[in-house]
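This is a predicted model, so every value here is computed, not measured.
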Amino acid sequence: LKDIFQACRSLHSDSATAHFLLPHLVCDLACFGEDFLIKLVHLEILEVLGATCRRGGSHHSANEEGCCQVIFGLLDTLVQWSQAASSSATSRLNHLGPFLASIPLFPGAI
């Protein structure tokens, strides 16, 4: 993954490409990454969602709303991939289910 992140360093101004790559990177990490890295991504997802919930009401900045939209888009893509993989017992994506189930929005849903 280090090489991929190095190659993506210049994407800070290309959000469309970054949004496209995010599910692929998280999927790869969830399926093949080290436990502590998986936990860091898990905590980051929860922090983005939790920060918005803690503020409550409708007083969210455009940045907060954008971050939540990216996370929900990421989770939606990962759920679709996980459901498609569940029909194949040999799929390398079967590790997505436990990762998604660890996010409170999806308990037992996958």
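Here the CD atom belonging to Glu44 is positioned 10.0 Å from the CG atom belonging to Leu49, to the nearest 0.5 angstrom. Taken from CD1 in Ile71 to CG in Leu46, the straight-line distance is 9.5 Å, to the nearest 0.5 Å. Going from atom NE2 of His24 over to atom CG of Leu22 covers 9.5 Å, rounded to the nearest 0.5 Å.
When hydrophobic clusters are built by joining Ile, Leu, Val, Met, Phe, Trp and Tyr residues whose side-chain heavy atoms come closer than 4.5 Å, directly or via intermediates, Leu43 is not grouped with Val41. Using a 4.5 Å cut-off between side-chain heavy atoms of Ile, Leu, Val, Met, Phe, Trp and Tyr, with links allowed through other members, Leu75 and Leu37 fall into the same hydrophobic cluster.
Under the 3.5 Å distance criterion, the side-chain polar atoms of Thr77 are matched with a main-chain donor or acceptor of Gly73. For His42 (side chain) and Phe99 (main-chain N/O), no donor-acceptor pair under 3.5 Å exists by modelled atom type.
Trp81 and Cys27 get closest at one heavy-atom pair: CZ3-CB, 3.8 Å. Taking every heavy atom of both residues into account, Cys31 and Leu96 meet most closely at SG-CG, 4.1 Å.
Other residues, nucleotides and ligands place more than 12 heavy atoms under 6.0 Å from the CZ atom of Phe32.
For the side chain to side chain contact (heavy atoms under 4.5 Å, CB included) test with Val26, the passing option among Leu74, Ile38, Leu21 is Leu74; the others fail.
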field: Criterion side-chain contact (heavy atoms from CB on, under 4.5 Å) on Leu25 and Leu29, from CA distance to verdict
entry: CA-CA 6 Å; Leu25 294 171; Leu29 185 66; over 6 Å; no

